[in-house]
Amino acid sequence: MKTSQYLILVFTLLISGSIFSQTTTSNTFSTGGLGNNNGFPPAQTQQKKTNQKGGLDDSTKVIYGPTSSRYFLEEDVFNNRKKLYTIDTLLKGFHNYSPILQRNNTQVDLGILGSASRPLFYQAPDQLGTRIGYDAYTFYAIEPKDVKYYNTRSPYSDIYYVTGGQGQDILNFDFNRNVDSLWNVGLTLHRITSTKPLVGGTTTSTIPNAIGHWEFMLHSNYQSKNKKYSIMGYLNRFDHNVIDEGGVARNGVPYDSLLLYDDNNAILTAANSRDTWNNVHIYHEYAGYKAFQIFQTLDFESRKTQFVDKGYSTSLTNKFYNMSYLKSPTTTDTLYNGFSATTFQHKSGIKGFYRGFNYRLHFRQRILNYTNLLNNEKLSRSENFLGIWLNQYLKDSTRFFAEGEYHVGSGYRLNAELRGKWLNFGGTFFRNVPTLAQQYMYNSSYRWPNDTIKQANQLNNLQVLSFYANGTLKIKNFVFSPFASFQTIDNYIYFDQKALIQQSTGSPIAIFKAGGTVGFQSGKFTNTNNIYWAYTKSSDLIRMPAVTINSRLALDILYAKVLYIQAGLELYYKSGYYGDAYMPATQQFYLQDNQYLNSNFQADIFADMRINRVRVFFKLSHANHRLLGSRGYYIAPGYAGVGRTFGFGVRWLLFD
């Protein structure tokens, strides 16, 4: 879309929003701080006139808005905390369309929107049982805990469009409506595209998309008239397509020198990946009594993941792949890796609450069927779990909870936490089986354990012990939210410098993390700083930047009493380290010693605007690119971060 078209679209949306507001209500914005209120009127009845008998005529109508269409989360229902949330209409952070920035840079990708991603800091698995282990693109999927189940009083639509430079585009569409007062339905559509960053001599008009992402979800919820029975669920389709580039082709040129050029070539020239799945999720419960309720979740997923490199012989010549685990190396010109899997899971149990005490007991069963698409090897597993959850609210609003789950014959997870008014602290002990990707791999370049899937790697179970503390302290205009954590890891499973599976032995790995948020607000000026510090003695196995800082300076402006503006500057700093490289053939990140990722500093300029039910942002990302001696930076080995780009986005809420 051209710049002139952007401006026409913005002007049309702003004018139409203004006209719409004038025909619906005269109280467009509520009072209060600019960054703290939703800026929309509550649902209300507007009376135009009455007849001579004092009755209302047919010109009476109902005005709907963000406070009349609310949603709830399954987790709150599950934990007997039935809470309705209002629709987010704040300006703060609206310009951060990238999921990486939305998570305060605690995630890292390959430089463009939709590329393979991993946590910046070590994260232990949060679920027991055998996981497939292909997670490079699950970061872009809608998580079950984030599905919003609406309780609308009118049809509600949410249209969101972003174009962020480098061909990075996002289109989200949500539609929700009430069938009746007890039954609501909705659908969600997500679309992500990004063009190839390593284009060689390709002309601008012929650059293909490196990322093509679709996600479609249909969801619904229903509650009986007596409010004792509730059911909610969704059907989800995820389809993620990637042209894999393998990083920049050096051809004897130093990595830093390549940052000066905009027409670099990729190592892989004929490789692509596709990750697709369909899943169905249902949660229902019968709350006959507060102290005794019955619940159940049902999940079914079918998944297919594939990778193909049709220039395999050339990639072998360039030493991109490793053939150490092959018994008899092949000379085929195509590398193929893929699997299909189906998973069925049910979780059934009882729960209840009485005078501040909550409890939950459950039995979970998971059935996994896995097939390697290259040699048609099959694996079936059935796993059983027992769980308990206890929660106690004290008189001073202090909350203590403890939970545990036992994977029969294999592992367990224990967690306890005390949440007070100023301080929270807790601990977790986790023991779990390796993923299937760690136990078994079979393709033209990577194979372990060299035989059939029935003789999968005999890896020891991973064990993680962690302690953490965090709190919040407010002093006048300042807010401090510090945190600290300590982890020990036994039997750590990783991929070495050849992208081959390994497991640590000897003493446990220890990781220290600390930091927090420091915020300040005075009048129309706000400043927020997020600081992370990380350290481990085992930096040869787990590599993280020592210091990461995110800072935002913003100024609130009200123009002509109808246009809200929040403009400012965001600064990002990350210290240097040997970041993990990415192997698309196995969809895994692995250790590397060839490229040190230098520390980098990035400055973004933004302006978020809102008029009535339309929000718009303009953003200049990496404004300091190639200024004052800055060449740019590598976000991952072989993958440069996006340079200076201009982004634009609009979000329009409709309530009828």
Side-chain angles (χ1 to χ4, degrees), residues 1 96-103 105 107-118 134-143 160-173 188-200 202 204-217 236-248 262-277 303-310 337-338 581-589 619 621-622 634-643 645-649:
M1 186 179 289
N96 283 332
Y97 57 88
S98 166
I100 302 294
L101 295 182
Q102 291 172 1
R103 290 165 175 78
N105 274 328
Q107 195 85 8
V108 62
D109 58 13
L110 303 183
I112 61 173
L113 188 67
S115 57
S117 177
R118 67 174 178 87
Y134 287 74
D135 299 321
Y137 303 114
T138 56
F139 176 67
Y140 303 100
I142 302 174
E143 295 187 41
Y160 179 61
Y161 173 73
V162 173
T163 179
Q166 191 70 53
Q168 300 178 111
D169 295 323
I170 299 175
L171 175 63
N172 294 344
F173 175 76
T188 298
L189 175 67
H190 287 182
R191 172 68 169 163
I192 297 175
T193 59
S194 297
T195 56
K196 284 170 58 68
L198 300 172
V199 297
T202 307
T204 304
S205 60
T206 59
I207 298 176
N209 280 339
I211 307 295
H213 167 91
W214 284 99
E215 187 166 17
F216 175 81
M217 175 179 289
N236 190 39
R237 167 68 178 178
F238 178 94
D239 192 342
H240 199 88
N241 294 269
V242 179
I243 295 178
D244 293 292
E245 299 185 304
V248 62
D262 296 322
D263 58 350
N264 295 315
N265 293 307
I267 297 176
L268 302 179
T269 58
N272 59 80
S273 301
R274 186 178 185 185
D275 201 353
T276 63
W277 67 70
R303 184 178 179 186
K304 188 176 184 179
T305 298
Q306 299 169 285
F307 169 82
V308 61
D309 182 0
K310 295 182 179 180
N337 186 53
Y582 178 66
M583 173 50 64
T586 59
Q587 207 179 106
Q588 307 296 322
F589 286 86
K619 180 177 181 179
S621 299
H622 205 171
Y634 285 93
I635 193 72
Y639 295 90
V642 176
T645 57
F646 176 77
F648 160 80

Under a 4.0 Å N-O cut-off, is there an ion pair linking [X] with [Y]?
{"X": "D239", "Y": "R274", "value": "yes"}
{"X": "R237", "Y": "E215", "value": "no"}
{"X": "D169", "Y": "R191", "value": "no"}

Contact summary for [X] and [Y], nearest pair of heavy atoms:
{"X": "T645", "Y": "G164", "result": "OG1-O, 3.5 Å"}
{"X": "L268", "Y": "A271", "result": "CD1-CB, 3.9 Å"}
{"X": "N96", "Y": "Q102", "result": "O-NE2, 2.9 Å"}
{"X": "I192", "Y": "I170", "result": "CG1-CG1, 4.5 Å"}

Does NZ or CZ of R118 fall inside the cone over F589's six-membered ring, less than 6.0 Å from its centre and within 45° of the axis?
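Yes, R118 sits over the ring of F589.
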Flag side-chain contact, heavy atom, 4.5 Å: [X] against [Y]:
{"X": "I100", "Y": "F139", "answer": "yes"}
{"X": "I211", "Y": "L113", "answer": "no"}
{"X": "R303", "Y": "T305", "answer": "yes"}
{"X": "H190", "Y": "T188", "answer": "yes"}
{"X": "D244", "Y": "F307", "answer": "yes"}
{"X": "S273", "Y": "V308", "answer": "no"}
{"X": "E245", "Y": "L198", "answer": "yes"}
{"X": "D275", "Y": "Q587", "answer": "yes"}

Measure the spacing between OH of Y97 and OH of Y161 and express it to the nearest 0.5 Å.
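Answer rounded to 0.5 Å: 11.5 Å.
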Mutual orientation of the aromatic rings belonging to Y582 and Y137 [parallel < 30°, tilted 30-60°, perpendicular > 60°]
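Ring orientation of Y582 relative to Y137: perpendicular.
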Using 30° and 60° as the class boundaries, would you call the ring planes of H240 and Y140 parallel, tilted or perpendicular?
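Taking Y140 first and then H240, their aromatic rings lie parallel (interplane angle under 30°).
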As a quick check of understanding, evaluate side chain to side chain donor-acceptor pair (under 3.5 Å) for K310 and N272, giving each step before the final call.
CA-CA 9 Å; K310 295 182 179 180; N272 59 80; over 6 Å; no
